[in-house]
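In what follows, every heavy atom counts, from backbone to side chain, and hydrogens, waters and symmetry copies are set aside.
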Amino acid sequence: MRQKSGWLLAAGISLVVLGVLGLLMTAALSIASAIWFGAMVLVAGIVLVADAVRHSGWRSRLLHGLIGLLYLVVGIVTFSNPLAATASLTLFVGAALFATGILRIVIAFQTRPNPSWSMILVSGLLSLVLGVLIMIQWPASSLWVLGTFLAIELIFQGIATITLARAIQSTFDGVIAKRSTPAAEA
């Protein structure tokens, strides 16, 4: 494991660098993430339509086929107008953060005797405010929200990966040092 921790460390550093670069070009990263979403949905649509053929019974075939066609349409629309797809995804993210914030606030007050209820409340308030800010600034927020979220995710994933690599190195350094001492062998 220690031998591979160097690769893990390099991967973590690469993720942090990519995240920082992503923060410098959030609009392009937002559009790229919408296109990537469209590609995944398009492939899923093809798979679902192909899967619908193998189902027995016309109702099952019809329902699975319709779901697959819906995926195909969303994928094609995303590719034909990535800016509109980015705007739609951003609005969805804002609404999801808003709803999540409300639910977390309710949960916080329901768990009020619990010592951690205040952290749940803070988390809910942050999600609520972030959702409101995204929706108030929409559609202009479409050019930075998805890219910023993805860049921040890359940075935090990179930091976590670097931390893991360093932990592996320090753990195995100690184990190797203990085994290689002459006093330990005697």
Show your working on side chain to side chain contact (heavy atoms under 4.5 Å, CB included) between M135 and L91 and close with a plain yes or no.
CA-CA 6 Å; M135 289 189 296; L91 186 59; 4.2 Å; yes
The salt bridge (charged side-chain N to carboxylate O under 4.0 Å, His left out) partners of R54 (sequence neighbours excluded) come to D51
Short side-chain to backbone donor-acceptor contact, T100 and L97, under 3.5 Å:
no
Looking at every heavy atom in both A52 and G65, which two are closest together, and how far apart are they?
CB-N, 3.4 Å
Do I46 and V74 land in one hydrophobic cluster if side-chain heavy atoms of ILVMFWY residues count as linked below 4.5 Å?
no
Taken to the nearest 0.5 Å, the spacing of I168 CD1 from T163 OG1 works out to 11.0 Å
Would you find a donor on one side and an acceptor on the other, under 3.5 Å apart, between the side chain of T161 and the backbone of G12?
no
On a heavy-atom basis, the closest approach of R112 and W117 is O-CD1, 2.9 Å
Nearest heavy-atom approach of S30 to G147 is OG-N, 2.7 Å
Could you pull out the closest heavy-atom pair between L150 and S33, with the gap in Å?
CD2-CB, 4.3 Å
Under the ring-ring contact (aromatic ring centres under 6.0 Å, His included) definition, can you give me all pairs with a residue in residues 18-53, not counting sequence neighbours?
none
Measure the spacing between CD1 of I31 and CG of L89 and express it to the nearest 0.5 Å.
12.0 Å
Nearest 0.5 Å, what's the CG-CD distance between L164 and Q169?
10.0 Å
Does the side chain of H64 reach to within under 4.5 Å of the side chain of L48, using non-hydrogen atoms?
no
Kindly work out whether a path of hydrophobic side-chain contacts (I/L/V/M/F/W/Y, heavy atoms less than 4.5 Å apart) joins W138 to F98.
yes
First locate atom CD1 of I76, then atom CG of L42, and finally report the distance between them rounded to the nearest 0.5 Å.
6.0 Å
Shortest non-hydrogen contact between A34 and P82, atoms and distance:
CB-O, 4.1 Å
Backbone N or O of I134 within a donor-acceptor pair of the S141 side chain at under 3.5 Å?
yes
I'd like to know if V93 and L154 are part of one continuous hydrophobic network [Ile/Leu/Val/Met/Phe/Trp/Tyr, side-chain heavy atoms within less than 4.5 Å].
no
Treating T26 as the side-chain partner and L23 as the backbone partner, does any N or O pair qualify as donor plus acceptor under 3.5 Å?
no
Verify the cluster assignment for M25 and V16: are they in a single hydrophobic cluster under the rule of side-chain heavy atoms below 4.5 Å apart?
no
Take F79 and V41, measure what side chain to side chain contact (heavy atoms under 4.5 Å, CB included) needs, and give me the verdict at the end.
CA-CA 11 Å; F79 278 114; V41 171; over 6 Å; no
Step through the shown structure and confirm whether more than 12 heavy atoms of other residues, nucleotides or ligands are within 6.0 Å of CE on M119.
no
Atom pair CG (L128) and CG (L133), whose distance is rounded to the nearest 0.5 Å
9.5 Å
Determine whether a donor-acceptor pair (N or O, by modelled atom type, separation under 3.5 Å) exists between the side chain of S127 and the backbone of G124.
no
Might you work through the side chain to side chain contact (heavy atoms under 4.5 Å, CB included) test for L15 and F156, ending with a clear yes or no?
CA-CA 8 Å; L15 288 170; F156 276 97; over 6 Å; no
V106 meets the side chain to side chain contact (heavy atoms under 4.5 Å, CB included) criterion, sequence neighbours left out, with Q110
Does R104 use its side chain to pair, donor to acceptor, with the backbone of I120 at less than 3.5 Å?
no
Evaluation steps, side chain to side chain contact (heavy atoms under 4.5 Å, CB included), between L18 and I155:
CA-CA 8 Å; L18 288 171; I155 291 169; over 6 Å; no
Say you draw a straight line from CG of L143 to CG of L29; how long is it, rounded to the nearest 0.5 Å?
12.0 Å
Hphob cluster co-occupancy, L63 + Y71, side-chain heavy atoms under 4.5 angstrom:
no
List the atom of A87, the atom of S142, and the distance in Å for their closest heavy-atom pair.
CA-OG, 3.1 Å
